[in-house]
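To keep things clear, I will list the structure first and then write my remarks on it.
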Protein chains: 2
Amino acid sequence: MLKLSKKTDYALMAVQYMASKGTARIVNTKEIAEEYNIPVELLAKVLQKLGKKGLIVSQNGPKGGYVLAKSSTDISVLSVIQAIEGHVGITECYHNEDSTCMQMPRCNIRTPLRNIQNSIYGLLDSMSIEDMKEFGSATIVPQSRLNGHRT
Amino acid sequence: MLKLSKKTDYALMAVQYMASKGTARIVNTKEIAEEYNIPVELLAKVLQKLGKKGLIVSQNGPKGGYVLAKSSTDISVLSVIQAIEGHVGITECYHNEDSTCMQMPRCNIRTPLRNIQNSIYGLLDSMSIEDMKEFGSATIVPQSRLNGHRT
DNA sequence: CCAGTCGCCGACTAAAATAATCGGACTTAG
DNA sequence: CTAAGTCCGATTATTTTAGTCGGCGACTGG
């Protein structure tokens, strides 16, 4: 239904939060969880995933926590989403590499949907975490080819 | 997880199929279901929803069925998706009008996500069912502002 | 004029995805 | 050496999605 999972929301919030603190400051799970009212254990797993994907780096022990692995301008929104959700596809057959779709043989919407998906990918890839701050109220993608409303 | 539901897939396939048959030919649920290996009862409900939204018109009785209510150039992909999924939002708070989101007070990703969502809307709205045929293997949205891959 | 074909509708069950919890192990600053 | 932190797998609860069932109502051809 075209909705992001809460885990992804949490991930974006957390990364955004870390970005706002800069690379000098190390933040821990509890701090972020309290800031946004997120269940700690859940956020913990999310951050672990981000760590394994190399988007953030972890520091163990007391005074430990996380920092962004690179500049917020170099972290795309897409990379965060994919870190949490794995391979994202708009349809079953693009979501699961080895899906057995009953409709495959005669499917008439695969290719066009792939194009839509690629456009969305492009959009998400072109937007960085930094952009999410800056463009708080601007439109990102040129919609020059839009030709008015249909029903 | 940014995936369309099967019902929506079915709806798009069905509409596409009807478009391919033209407005003269009336098609029934069973015919479409067999063409694409879709469970009839499920497809039936999908078509009913499309009917209620005025995208297709129904004909009762024997030899009954459905026809597109208007030209395939005047039916946007978005309208089909919305007919099935209702109001679509990329996040909980945009999906559900009256959602009580724990993160609301301090949420730092609402506005940027809304922009992303609007871009997706624009894309889906600008694409008609007819376009889905034509652009079987073309890219729809100009991605001129893309600036290479990040992680 | 009535029998069979079709759409219409709501309630129901089944399966899958998501959200959240729990328990315990490993790491390290103080 | 211990408390504060990350790490990790297993488990449960909740919600969403997929699919099923049964009956009603509309219509058309014979």
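Lettering of chains follows the sequences in order, A, B, ..., and the numbering in each one begins at 1.
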Practice prompt. Take atom CE of A:Met102 and atom P of D:dG19, then tell me their distance rounded to the nearest Å.
Written response: 11 Å

Item to complete: Using whole Å, report how far CG of A:Leu50 lies from P of D:dT6.
Response: 13 Å

Discussion item. Using a 4.0 Å heavy-atom cut-off, does B:Gly51 contact any base of the nucleic acid, only the sugar-phosphate backbone, or nothing at all?
Written reply: nothing

Item to complete: Take atom CG of A:Leu42 and atom C1' of D:dA13, then tell me their distance rounded to the nearest Å.
Response: 13 Å

Fill in: Reported CD-to-NZ distance for the pair B:Gln48 and B:Lys52, which is rounded to 0.5 angstrom
7.5 Å

Distances for protein N or O near nucleotides 23-28 of chain D N or O, under 3.5 Å:
from	atom 1	to	atom 2	distance (Å)
D:dA26	O4'	B:Asn60	ND2	3.3
D:dT28	OP1	B:Gln59	NE2	3.2

Worksheet item: Should B:Leu2 and A:Ile90 count as side-chain neighbours, where that means a heavy-atom distance under 4.5 Å?
Response: no

Worksheet item: For D:dG19, does either OP1 or OP2 sit under 4.0 Å from a side-chain N or O belonging to B:Tyr10?
Response: yes

Worksheet item: According to the side chain to side chain donor-acceptor pair (under 3.5 Å) rule, which pairs have a member within residues 27-38 of chain B, sequence neighbours left out?
Response: A:Arg106-B:Glu35, A:Asn108-B:Tyr36, B:Tyr17-B:Glu31, B:Arg25-B:Glu31

Practice prompt. Please list, by residue number, the residues of residues 24-31 of chain B whose heavy atoms come closer than 4.0 Å to an atom of DNA chain C; answer none if no residue qualifies.
Written response: B:Asn28, B:Thr29

Fill in: Partner residues of B:Lys6 under the salt bridge (charged side-chain N to carboxylate O under 4.0 Å, His left out) criterion, sequence neighbours left out
none

Item to complete: Would you kindly give the NZ-to-C1' distance between B:Lys3 and D:dA18, to the nearest whole Å?
Response: 11 Å

Discussion item. Is it the case that over 12 heavy atoms from other parts of the model lie below 6.0 angstrom from the NZ atom of A:Lys3?
Written reply: yes

Worksheet item: On DNA chain C, which is the earliest and which the latest nucleotide, 5' to 3', with an atom closer than 4.0 Å to a heavy atom of chain A?
Response: C:dA19 to C:dA29

Worksheet item: Who else is in A:Met102's hydrophobic cluster (ILVMFWY, side-chain heavy atoms under 4.5 Å, direct or via others)?
Response: none

Response to the item:
Of D:dG9, D:dT20, D:dG19, the nucleotide closest to the side chain of B:Glu41 is D:dT20

Practice prompt. Nearest whole angstrom, please: distance from the P of D:dT15 to the CD of B:Glu92.
Written response: 11 Å

Worksheet entry | Option passing side chain to side chain contact (heavy atoms under 4.5 Å, CB included) with B:Ile129 (candidates B:Ser72, B:Ser76, B:Ser71) | B:Ser72

Discussion item. Measuring only between side-chain heavy atoms, which start at C-beta, is A:Ile32 closer than 4.5 Å to A:Val40?
Written reply: no

Worksheet item: Taking atom P of D:dG19 as reference, at what distance in whole Å does atom CG of B:Leu43 sit?
Response: 11 Å

Fill in: OG1 on A:Thr111 to CD on A:Gln117, rounded to 0.5 Å
12.0 Å

Discussion item. Quick one, A:Leu55 and A:Val15 - any side-chain contact, counting heavy atoms below 4.5 Å?
Written reply: no

Worksheet item: Do A:Arg110 and A:Met104 have side-chain heavy atoms sitting under 4.5 Å apart?
Response: yes

Worksheet, complete the sentence: Between A:Glu85 and B:Lys45, whichever has its closest DNA chain C nucleotide further toward 5' is B:Lys45

